[in-house]
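Bear in mind the structure is a predicted one, so any value in this text is a computation, not a measurement. In the text below, chain A, chain B and the rest are named by the order of the sequence lines, each starting its count at 1.
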Protein chains: 2
Amino acid sequence: MKLTTKGRYAVTAMLDLSLHYGEGPITLADIAQRQGISLSYLEQLFSRLRKKSLVASVRGPGGGYSLGKSAEEIFVGEVISAVDENIDTTRCNGAHNCQNNERCLTHDLWSDLSNQIYSYLNKISLQDLMDRKAVREVADRQDHADHDELSGLDISMADGSNDLAGA
Amino acid sequence: MKLTTKGRYAVTAMLDLSLHYGEGPITLADIAQRQGISLSYLEQLFSRLRKKSLVASVRGPGGGYSLGKSAEEIFVGEVISAVDENIDTTRCNGAHNCQNNERCLTHDLWSDLSNQIYSYLNKISLQDLMDRKAVREVADRQDHADHDELSGLDISMADGSNDLAGA
DNA sequence: ACATTCCCAAGCAAAATAGTCAAGAATATC
DNA sequence: GATATTCTTGACTATTTTGCTTGGGAATGT
Ligand code: FES
Ligand code: FES
């Protein structure tokens with residue numbers, strides 16, 4: 001499989017979008033700040049999400065993104081597929097030709113595994129995630145961390161992504 | 001997750017070992033040839049498999065590898081873990097600290113997914129795989145392809161891994 | 001002795017990943 | 001209509017990971 005930050009960020013951002021639904025269009029800058037994701041990177045991801053109609057966009061001041069359909073209708077698997085190409089774990093990508101143009105010994109195993117993962121992720125909607133208590137708790141923390149987010153923890157990170165004071 | 005050729009090769013090689021059980025120790029050169037895997041690369045993988053006691057080795061002429069326990073007792077998940085570190089799909093590797101030392105919005109989702117994958121792969125033993133008809137078919141093909149393996153297909157690959165004539 | 005096999009560590013080219021940077025187009029507000 | 005805001009796009013890049021190779025060695029059977 002291929003589950004990288006690209007896919008994780010996409011789901012996280014989509015969930016953030018769901019959680020702030022009803023507040024009008026949400027800017028990528030907001031999401032970037034709340035979720036700690038690079039703005040430019042998010043732009044790339046949302047470009048793909050928009051192509052699959054998972055989000056809708058409004059340009060100009062007051063603009064931003066909103067969900068392309070309701071949170072009940074968007075499934076985690078869709079989001080990952082939209083940005084990450086495939087969730088397939090086979091080496092041949094389903095073509096069963098990875099050893100001298102023929103099927104290798106373990107093709108079916110990976111194929112079955114892929115189906116397993118795929119069906120699992122496609123049962124979980126953004127709404128399902130929002131309904132989880134742990135998710136709401138994290139979302140609350142993020143919403144109330146407007147300013148002094150860094151106070152009280154050992155600041156051992158050296159990246160400049162914490163430009164929160166300026167917001 | 002991290003499912004790369006490393007993990008796939010390891011499972012493939014272990015399955016090859018199972019299938020040729022009873023023929024005495026199997027050399028890595030044999031496995032490399034049958035499964036189309038680089039010998040040196042296999043050595044690295046088997047070094048790790050041996051550390052986890054999944055295989056046992058005999059040195060010298062006539063030596064080779066055999067299974068460390070019976071095929072019913074070795075599960076796919078074990079093999080992958082042995083060579084691939086972790087099957088975990090969380091970004092934080094279980095530490096739930098991937099956003100400013102705190103849990104991110106989607107930690108539980110990836111954590112649940114990891115458990116799902118893990119339990120699936122740990123239900124499947126090498127014996128289970130051997131019992132599959134498709135696996136036996138591929139194994140038969142591989143066993144009878146001693147020499148002229150390349151005849152009859154469009155030779156569009158440019159790697160030199162097909163040194164079968166010399167064996 | 002010597003060929004065979006496992007064992008081990010280091011090094012490395014190519015690919016993938018996780019971004020940055022720069023320019024531009026639409027739109028709301030003044 | 002100037003300006004600020006926000007999305008939109010494409011190219012470029014540093015870093016990491018992957019999938020090996022190379023080169024030595026150590027056991028062990030004949
Ligand atoms: S994974 Fe499909 S043929 Fe090997
Ligand atoms: S994946 Fe564990 S905290 Fe984000």
Between A/S38 and C/dG19, is there a contact of a side-chain N or O with OP1 or OP2 at under 4.0 Å? no
Rounded to the Å, how far apart are B/D30 CG and C/dT4 P? 13 Å
Residues A/T90, A/N93; criterion side-chain hydrogen bond (donor to acceptor under 3.5 Å, both in side chains); working and verdict: CA-CA 5 Å; A/T90 60; A/N93 264 297; 5.1 Å; no
Euclidean distance, atom CZ of residue A/R91 to atom C1' of D/dC20 [Å, nearest integer]: 11 Å
Below the 4.0 Å mark, does D/dG19 have OP1 or OP2 next to a side-chain nitrogen or oxygen of B/T4? yes
Hey, is the main chain of A/W110 close enough, under 3.5 Å, to the side chain of A/T89 for a donor-acceptor pair? yes
May I ask you to evaluate whether B/Y41 reaches the phosphate of D/dT18, defined as a side-chain N or O under 4.0 Å from OP1 or OP2? no
Any ion pair linking B/D108 and B/R103 (charged N to carboxylate O, less than 4.0 Å)? yes
Please give, in whole Å, the distance from D/dC20 P to B/R48 CZ? 15 Å
A/E78 and A/K52 ion-paired at < 4.0 Å: no
Protein-nucleotides 6-15 of chain D N/O pairs closer than 3.5 Å?
from  : atom 1 : to    : atom 2 : distance (Å)
D/dC7 : OP1    : A/L28 : N      : 3.1
D/dC7 : O3'    : A/S57 : OG     : 3.4
D/dC7 : O2     : A/R59 : NH1    : 3.4
D/dT8 : OP1    : A/R50 : NE     : 3.4
D/dT8 : OP1    : A/S57 : OG     : 2.6
D/dT8 : OP2    : A/R50 : NE     : 3.4
D/dT8 : OP2    : A/Y65 : OH     : 2.5
D/dT8 : O4'    : A/R59 : NH1    : 3.4
D/dT9 : OP2    : A/R50 : NH2    : 3.3

Taken to the nearest whole Å, CZ/A/R8 to C1'/C/dA18 is 12 Å
Can you measure B/I37 atom CD1 to D/dC20 atom P for me and round it to whole angstrom units? 9 Å
Would you give the length of the straight line joining atom CD1 of A/I37 to atom CG of A/L45, rounded to the nearest 0.5 angstrom? 7.5 Å
Quick one: B/Y9 OH to D/dG19 C1', roughly how many Å, whole number? 8 Å
Between B/R34 and B/D16, is there a donor-acceptor pair closer than 3.5 Å when you use the side chain of the first and the backbone of the second? no
Would you give the length of the straight line joining atom CG of B/N115 to atom OH of A/Y120, rounded to the nearest 0.5 angstrom? 8.0 Å
Nucleotide C/dA18, atom P - distance to CG of A/L45 in whole Å: 10 Å
Could you state the NZ-C1' distance from B/K2 to D/dG19, rounded to the nearest angstrom? 14 Å
